[in-house]
Amino acid sequence: MDFLTEFPSLGRRDLSALRQAIDGAFRNFTRAYGEGIEAFFDPLLRFMIWFERLLIHAPWPVVIAVLAGLAWLGSRSWKITAGTVAAFLAIGWLGMWENTMSTLAIISVATFLCIAIGIPIGILMARYNRAQTLITPVLDVMQTIPSFVYLIPVVMLLGIGKVPGLLAVCIYALPPIVRLTNLGIRLVDTEVLEAATAFGASTREKLWGVQIPLALPNIFAGVNQTIMMALSMVVIASMIGVQGLGVPVLRAISNQYLALGLMNGLAIVALAIIFDRVSQTYGKRLQSYKDQGHG
Amino acid sequence: MADDVTEPKIRIRNLYKIFGEDPAAALAQVQAGASKAELLETSNHVLGLRDINLDIPAHGLQVIMGLSGSGKSTLIRHFNRLIDPTAGEILVDGEDVMAMNDTALRDLRRFKMSMVFQKFGLLPHRTVQQNVEYGVHIQGLSDDEAQRRAARWIDRVGLAGFEQHYPGQLSGGMQQRVGLARALATDADILLMDEAFSALDPLIRTDMQTVLLDLQAELQKTIVFITHDLDEALRIGDSIAILRDGEVVQAGDPQAIIMDPADAYITDFIKDINRAKVIRIRSIMVPGPGGGQGAPVRTSQTIEEILGVLHDSPDGVCPVIDKAGKTVGTISMNAVIGALESRKTAEVARYS
Ligand SMILES: Nc1ncnc2c1ncn2[C@@H]1O[C@H](COP(=O)(O)OP(=O)(O)OP(=O)(O)O)[C@@H](O)[C@H]1O
Ligand SMILES: [Mg+2]
């Protein structure tokens, strides 16, 4: 009867031995390779520090002007540009300038990294069905596993700081760009692709001349999603030593400072809205050839 | 070898195509005589093409016809190897396309053959100008040359003024003109057209056929044209091959097919055509030194075109002259009436 009411689990001693064995093995791995891995990420770390300093120390009107310029280039909309300027002025006026710049720095680097890694992986998946079957479950895991779970090995390996924070953000934010690149390329009209083949286009000419341009709207939706997900990781990243808007939010939670939490939270939301609007209008402009109708 | 006039431009030998998991095994079954339906039932393979043999002469317009699913698209895609055959040979200008490596195959597609598609296959994110330049760019020619050629062909197909439009802004007929200009701009000898005009409405379609015939008179390319429309085939084809279930049922001179259909399938195929419009005098005249009291008619004319002249002839007979004006035979009212009755109706009449 015992067999049915009590799950026949591994004994307590065996279980703890198993866990210890895994922990021990990973610790050994960390001891052996930790420094090497840290050294590998060193240039990235230096770049992040440099970029963050640049944003913080540059005169604020210049930063706002540059951001407004980027918003204009992306969206070609006065409304969005004016909104961007207003949002950053409010952020500065409410004393959140430095933290916002730090967050902006890590989000920019994370997005750039995700694009640089994610698009090639997406192309690979679109190209080979085998790559797709192998990578899709990995993406599923990356998106569903609670962030705290992968923070443990990341912190064990790299300690606390910007690089582990960046890794944590990227693990979470990478999947959408990979998925949408893959999807975008697979959705390209087969007849158009066949036409390119029939005219003797090489694999590369097809990729750059037909598949990527026609997949761009989807790829851009992926970039947009990636930015949003990176922003949503800001608070968690600040738990492992990333400067930025997440830090005051954490402080507000532990001390029950409602206003502080709210203001910094809203600053994150403001960044999200700006990024979202700019990248979405840019994505739309990329497919303007579709909207012109019969001329 | 290329100068040999008797050499066909494209030669297809014993071509088989089977779709499915294990085509090689299914091939044995097909060669042993399994039909398309049997093959599908016993081994779940689709018979695309069976033992196709076809010679396409240079400078001719070869039409390939057949009902939906008969294998027309499959066949034309073998010519530039968008599809690999299960067995058989494809020779273009005497060169074995199956033996080509990637580079040679790409050059074949770039320089020797171009293609026009049923659903146009235009690049939606590029303008008309850029679409027409596409093949020329792939050939590696300069931007200047691409622009020059694109401008010329856009003008030639009657789209001047639309260079900066996107395909989505054009009507179907206009888009297919872009497709045609794109194919012509590469200067390839061979033009493959898979139901190029099927998506167009009848008026625009006739219009495009005229454009194609005018261009062909001037350019003398080798054209392979797929259609399931017999009127279209008869209007433009120098030669017609009719496919059924992946097999060629009859191939050759369009007149011969109308006058002497190979089997019931073809008879059925041609039963609704307007025979007066498509049967030409050369296929029903009596060859000889001439005679008759009517005005002379030409070998290339259709029955419809000469009916008036023949009617005016006192003895109901007219002499027939060829292109050079030489008398080559006679045509009588009786022969015309005989030809207008299709075989089937003639048979019905005989037994009633
Ligand atoms: N990739 C494929 N896999 C399996 N079967 C195929 C494939 N391509 C074509 N077939 C089959 O081969 C046969 C011939 O198809 P094909 O497309 O050549 O016909 P078609 O004559 O061009 O018809 P349509 O007039 O409809 O274009 C059909 O039975 C079709 O189902
Ligand atoms: Mg077809």
Side-chain angles (χ1 to χ4, degrees), chain A residues 76 119 122-123 126-130 133 180-181 183-223 279-295, chain B residues 73 76-77 79-83 102-128 130-140 161-162 164-172 174-175 178-179 182-183 185-186 188 191-192 194 199:
Chain A
R76 296 289 154 87
I119 291 184
I123 292 173
R127 185 79 176 280
Y128 304 103
N129 284 331
R130 186 143 183 80
T133 40
L180 282 157
T181 302
L183 182 76
I185 292 178
R186 281 176 185 266
L187 285 182
V188 168
D189 188 354
T190 48
E191 180 134 344
V192 175
L193 208 58
E194 188 181 44
T197 313
F199 277 92
S202 63
T203 311
R204 191 188 292 172
E205 283 164 333
K206 275 185 276 184
L207 183 66
W208 295 107
V210 181
Q211 291 173 301
I212 300 255
L214 290 180
L216 264 190
N218 272 315
I219 295 179
F220 249 82
V223 171
S279 61
Q280 264 192 25
T281 40
Y282 184 69
K284 272 209 197 99
R285 271 201 300 126
L286 282 179
Q287 44 182 337
S288 55
Y289 60 84
K290 273 194 190 155
D291 307 328
Q292 288 171 335
H294 285 244
Chain B
S73 299
I76 203 172
R77 275 165 180 69
F79 296 174
N80 55 359
R81 250 182 85 189
L82 290 177
I83 297 180
D102 279 358
T103 325
L105 185 60
R106 231 167 25 227
D107 281 347
L108 174 88
R109 292 171 180 163
R110 285 181 187 179
F111 298 101
K112 219 170 225 174
M113 288 186 178
S114 54
M115 200 160 178
V116 184
F117 297 84
Q118 177 171 5
K119 281 177 254 147
F120 319 135
L122 301 175
L123 302 170
H125 61 299
R126 301 200 182 187
T127 60
V128 168
Q130 291 167 332
N131 264 288
V132 178
E133 285 175 9
Y134 187 73
V136 190
H137 274 304
I138 298 278
Q139 289 181 334
F162 290 93
Q164 300 314 317
H165 284 60
Y166 287 95
Q169 297 171 283
L170 304 178
S171 70
M174 290 161 92
Q175 290 188 50
V178 179
R182 174 174 68 176
T186 66
L191 199 57
L192 305 176
D194 186 2

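Note on naming: letters A, B, ... go to the chains in the order of the sequence lines (proteins, then strands), and numbering restarts at 1 for each one. These numbers come from a predicted model, not from an experiment.
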Check [X] against [Y] and note the closest heavy-atom contact, atom names and distance.
X      : Y      : result
A:E191 : B:F120 : OE2-N, 3.8 Å
A:A195 : B:G121 : CB-O, 3.4 Å
A:F199 : B:S114 : CE2-CB, 3.9 Å
B:F117 : A:A198 : CZ-CB, 3.8 Å
B:L123 : A:V192 : CD2-CG1, 3.4 Å

| request: Let me know if A:S202 has heavy atoms under 4.5 Å from chain B in its side chain, its backbone, both or neither. | output: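 For A:S202, heavy atoms of backbone and side chain both lie under 4.5 Å from chain B.
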| request: Verify, without hydrogens or angle tests, whether B:H125 (side chain) and A:V210 (backbone) share a donor-acceptor contact under 3.5 angstrom. | output: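 No, the answer is negative, given that no donor and acceptor are paired below the 3.5 Å cut-off.
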| said: A quick test of your reading: do over 12 heavy atoms of other residues, nucleotides or ligands sit less than 6.0 Å from NZ of B:K119? | reply: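 Not buried by this count: 12 neighbours or fewer within 6.0 Å.
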| message | For B:R106, I'd like to know if atom CZ has over 12 heavy atoms of other residues, nucleotides or ligands within 6.0 Å. | response |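 Atom CZ in B:R106 is crowded, with more than 12 foreign heavy atoms closer than 6.0 Å.
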| Largest heavy-atom contact set with chain A, pairs under 4.5 Å, which of B:R81, B:M115, B:R77, B:Q118 |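 So the answer, after comparing B:R81, B:M115, B:R77, B:Q118, is B:R77.
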At a heavy-atom separation under 4.5 Å, does [X] approach chain A through its side chain, its backbone, both, or neither?
X      : answer
B:R126 : side chain
B:F111 : neither
B:L192 : neither

| message | Quick check for you: to the nearest 0.5 Å, what is the distance between B:N80 atom CG and A:T197 atom OG1? | response |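 So the CG of B:N80 and the OG1 of A:T197 are separated by 9.5 Å.
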| query | How far does CD1 of B:I83 sit from CD of A:E194, to the nearest 0.5 angstrom? | reply |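 Between B:I83 CD1 and A:E194 CD, I get 7.5 Å after rounding to 0.5 Å.
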| message | Among A:G200, A:G209, A:P213, which residue has the highest count of heavy-atom pairs closer than 4.5 Å to chain B? | response |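 The option with the most such pairs is A:G200.
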| Pair A:E205 + B:R109: basic N to acidic O under 4.0 Å |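 Salt bridge: no.
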